[in-house]
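Heads up, the thing below is written out as structure tokens.
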Amino acid sequence: MTTPYTEPLIDRTAELSELQSLLGRNEDSMVLVTGRRRVGKTFLLSNTWPDDRTFYFVATEGTSRVNRLELIRAASQRFGRPLNPEDYPTWRTVFQMLLELGAPHPLVLILDEFQYMMGTRDAAASHLAAVWDHRKRDRRLVLVLCGSAVRTMEGLQASDAALHGRITRTMKLQPFDYFDAAAMLPFVAARDCAIAYGLVGGTPRYLRCLDDRGSLVDAIASEVLAPGGPVRMQVETLMDQEQGLRDRQSYKALLSAIGAGKTLVSEIAEYAGTSQGSATKAMLSLLVELGYVTAERNFHAKSNAPFRYRLADPALRFQYEVVARFRSELAHNIPREVWQDHIAARIDTYMGRAFERIAEQAYHRHRARLQLPMVETWARWEGSVRDRGGDMAATRSIEIDVVARLTNGHMMTGAVKWGDLGLGVHSKHLRDLAILAHNGHAWAHRALQPESPLIYVAGGTVPMDFKERAEQDGHPVFVFTFEEMYRGRAAR
């Protein structure tokens with residue numbers, strides 16, 4: 001069966017083309033598709049091939065035996081054949097039956113949430129490998145193994161795994177970037193689209209929840225802030241739905257600690273009440289692997305420099321940094337009023353880091369069209385250094401929003417401002433680079449060379465003569481605005 005979606009397929013054109021081409025090949029294909037929950041795997045696979053050439057089965061979080069019986073029932077219904085479960089007592093007999101159904105026509109078999117079929121001993125994968133190697137080759141067959149337990153699914157390719165060497169294609173779906181996320185939103189103003197991305201990110205399921213509301217504030221209040229709002233409920237239960245997490249409450253505590261502004265392992269562990277040792281580091285590493293947290297170091301930092309942990313998923317970040325802070329107010333008041341009285345004034349500050357993420361995505365998306373330099377590494381730098389420029393040495397806190405090594409060997413640095421951009425931003429940036437260079441940061445010294453370009457990204461207004469006046473300091477200057485970021489985007 002297929003899922004009855006009617007919305008148009010947004011983005012995913014490369015993945016769609018690659019998957020569709022498999023059915024026309026002269027060889028069978030076993031495809032591995034992974035991605036976090038709600039990222040759009042089911043939607044993509046349900047809209048790739050014709051219904052009459054597709055068998056789609058979604059496993060559930062139950063026993064391997066229950067899923068085997070449900071798969072037999074679904075196959076019987078799909079192909080109109082009486083299939084007695086007693087005739088298929090093992091996964092090997094089930095897979096053998098599936099691979100022969102529908103012959104001689106080309107067929108796509110999609111086994112979604114395959115990790116639930118595997119059981120504790122990976123028996124299903126072993127049986128599948130045996131049947132795959134000895135199947136009849138009387139028609140083209142595409143077998144898609146799809147799952148949201150990314151580590152478990154990717155483990156199917158390991159050298160000691162049963163399916164090693166048999167998977168011919170792999171595909172990992174990521175959330176939409178800011179531009180494709182905007183294609184799912186009804187808001188006309190680019191600024192509203194940027195705020196929506198900063199608050200819920202690029203997960204299609206969350207974005208779809210915002211589609212029916214008249215304004216951004218109404219959408220966020222009812223879907224993200226309200227205690228019963230679908231986005232809030234889904235984000236709050238993310239850890240509960242992750243397979244293999246033994247102590248979910250500890251993972252939630254770590255997310256709360258990061259949301260409260262703790263970035264170092266020691267700070268996070270103290271706030272969350274977890275072990276200061278390797279156990280907390282291991283849990284943080286898993287959260288990074290799952291895509292919920294990022295582990296960052298300053299550009300060109302030493303290998304033993306401590307990581308700073310931040311919430312990577314925008315929806316998770318907004319939940320733990322903002323919604324959690326006003327949980328009591330939201331429980332007893334109208335969410336729209338809580339937004340107006342407590343949250344709206346914080347959004348500009350909150351969007352600062354979110355806009356840096358958008359700026360990086362926008363640069364890579366529009367780089368070729370705007371003939372911008374090709375980037376090898378995109379990072380940032382923050383910390384405290386000694387400013388020896390005055391009579392007395394003083395400690396200065398410095399943040400460089402963009403520190404990018406270009407493929408031509410030069411450095412590109414710059415600032416990302418959610419608000420207006422003025423020449424003061426340019427002057428401060430050059431002054432901060434000079435301080436860092438004076439403190440021994442070689443990359444900052446290179447960034448001060450005349451051939452090193454500067455980039456400024458603005459979410460607000462930019463003086464008409466900003467670029468011309470900034471370039472008087474001897475650097476090529478690029479200015480990126482909302483207009484360029486969202487150029488080509490059609491409002492829904």
Side-chain angles (χ1 to χ4, degrees), residues 177-178 263-264 288 293-312 351-367 370-387 389 395-419 421-459 466-467 470-471 473-481 484-485:
D177 72 355
Y178 81 100
T263 60
L264 299 176
V288 171
V293 171
T294 60
E296 303 173 352
R297 284 193 180 114
N298 277 337
F299 179 81
H300 213 264
K302 295 180 180 180
S303 59
N304 62 350
F307 283 107
R308 292 184 180 274
Y309 294 91
R310 305 184 192 280
L311 297 177
M351 283 297 298
R353 180 57 67 92
F355 195 49
E356 289 185 31
R357 178 191 186 100
I358 292 174
E360 180 181 0
Q361 294 174 355
Y363 186 94
H364 293 300
R365 173 176 280 273
H366 298 291
R367 185 201 63 78
L370 298 177
Q371 298 183 328
L372 299 172
M374 189 173 293
V375 172
E376 179 181 299
T377 304
W378 184 292
R380 72 191 315 275
W381 195 96
E382 64 176 282
S384 298
V385 296
R386 302 289 286 178
D387 181 1
T395 300
R396 285 178 61 98
S397 179
I398 292 178
E399 290 191 27
I400 306 294
D401 300 332
V402 179
V403 182
R405 179 186 289 115
L406 305 180
T407 55
N408 62 10
H410 295 157
M411 293 298 302
M412 179 178 70
T413 61
V416 179
K417 297 299 177 184
W418 172 245
L421 179 64
L423 280 173
V425 173
H426 169 68
S427 300
K428 180 180 183 300
H429 178 70
L430 292 181
R431 186 167 61 251
D432 288 346
L433 285 179
I435 293 172
L436 291 172
H438 192 63
N439 277 267
H441 293 276
W443 64 265
H445 179 76
R446 288 165 54 200
L448 287 170
Q449 301 305 307
E451 66 272 12
S452 295
L454 304 175
I455 182 167
Y456 296 105
V457 185
F466 177 89
K467 176 179 168 65
E471 286 184 336
D473 289 307
H475 296 267
V477 174
F478 303 107
V479 179
F480 221 164
T481 64
E484 289 295 346
M485 286 180 167

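Using modelled atom types and a 3.5 Å distance limit, the side chains of Ser384 and Arg396 yield no donor-acceptor pair. In this structure, a donor-acceptor pair under 3.5 Å is present between the side chains of Asp473 and His426.
Note on ring orientation: taking the six-membered ring where Trp is involved, the planes of Tyr363 and Phe480 are perpendicular (angle over 60°, cut-offs 30° and 60°).
Annotation for Tyr309 and Ala295: closest pair CE2-CB, 3.7 Å, computed over non-hydrogen atoms. The heavy-atom pair separating Leu448 from Ala434 by the smallest distance is CD1-CA, 3.8 Å. The shortest heavy-atom contact between Val416 and Asp401 is N-OD2, 2.8 Å. Ala447 approaches Ser452 most closely through the heavy-atom pair O-CB, 3.4 Å. Here the closest heavy-atom approach between residue Ile435 and residue Arg386 is recorded as CG2-O, 3.9 Å. The two residues Thr413 and Trp443 come nearest to each other via the heavy atoms CG2-CZ3, 4.2 Å.
We find the NE2-CG distance between His475 and Leu433 to be 8.0 Å, quoted to the nearest 0.5 Å. Between Lys417 atom NZ and Glu356 atom CD the span is 8.5 Å, to the nearest 0.5 Å. Between Glu471 atom CD and Leu454 atom CG the span is 9.0 Å, to the nearest 0.5 Å. For the atom pair CZ of Arg365 and CD1 of Ile358, the computed distance is 12.5 Å after rounding to the nearest 0.5 Å. Within the model, atoms CD1 of Ile398 and NZ of Lys428 stand 7.0 Å from one another, a figure rounded to the nearest 0.5 Å.
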Exercise. After noting the C-alpha distance and the side-chain angles of Leu436 and Ile400, does the key distance pass the side chain to side chain contact (heavy atoms under 4.5 Å, CB included) rule?
Worked result: CA-CA 10 Å; Leu436 291 172; Ile400 306 294; 3.9 Å; yes

Problem set entry | Verdict with reasoning, Met412 to Trp378, per side chain to side chain contact (heavy atoms under 4.5 Å, CB included) | CA-CA 9 Å; Met412 179 178 70; Trp378 184 292; 4.2 Å; yes

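Side-chain atoms of Met411 and Arg405, non-hydrogen and from C-beta on, do get closer than 4.5 Å to each other. Within the 4.5 Å cutoff, no side-chain heavy atoms of Phe307 are placed close to those of Val293. By the 4.5 Å heavy-atom criterion applied to side chains, Val457 and Met485 are counted as neighbours.
Between the Asp432 side chain and the Glu399 main chain, no donor and acceptor come within less than 3.5 Å of each other. Panel note: side chain Gln361, backbone Tyr178; a donor-acceptor pair is recorded below 3.5 Å. With Arg357 contributing its side chain and Ala312 its backbone, the two residues share a donor-acceptor pair below 3.5 Å.
Partners of Arg446 by side-chain hydrogen bond (donor to acceptor under 3.5 Å, both in side chains), not counting sequence neighbours: none found.
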For a quick test of your reading: what N or O donor-acceptor pairs under 3.5 Å do the side chains of residues 370-377 make, sequence neighbours left out?
none

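For His445, the NE2 atom is loosely surrounded, since the number of other residues' heavy atoms within 6.0 Å does not exceed 12. For His300, the NE2 atom sits in a loose shell: 12 or fewer heavy atoms of surrounding residues, nucleotides or ligands are nearer than 6.0 Å.
Annotation: cation-pi geometry not satisfied between Arg380 and Phe299 (NZ/CZ under 6.0 angstrom from ring centroid, within 45° of ring axis).
Between Glu382 and Arg310 a salt bridge is recorded (basic side-chain N to carboxylate O distance below 4.0 Å).
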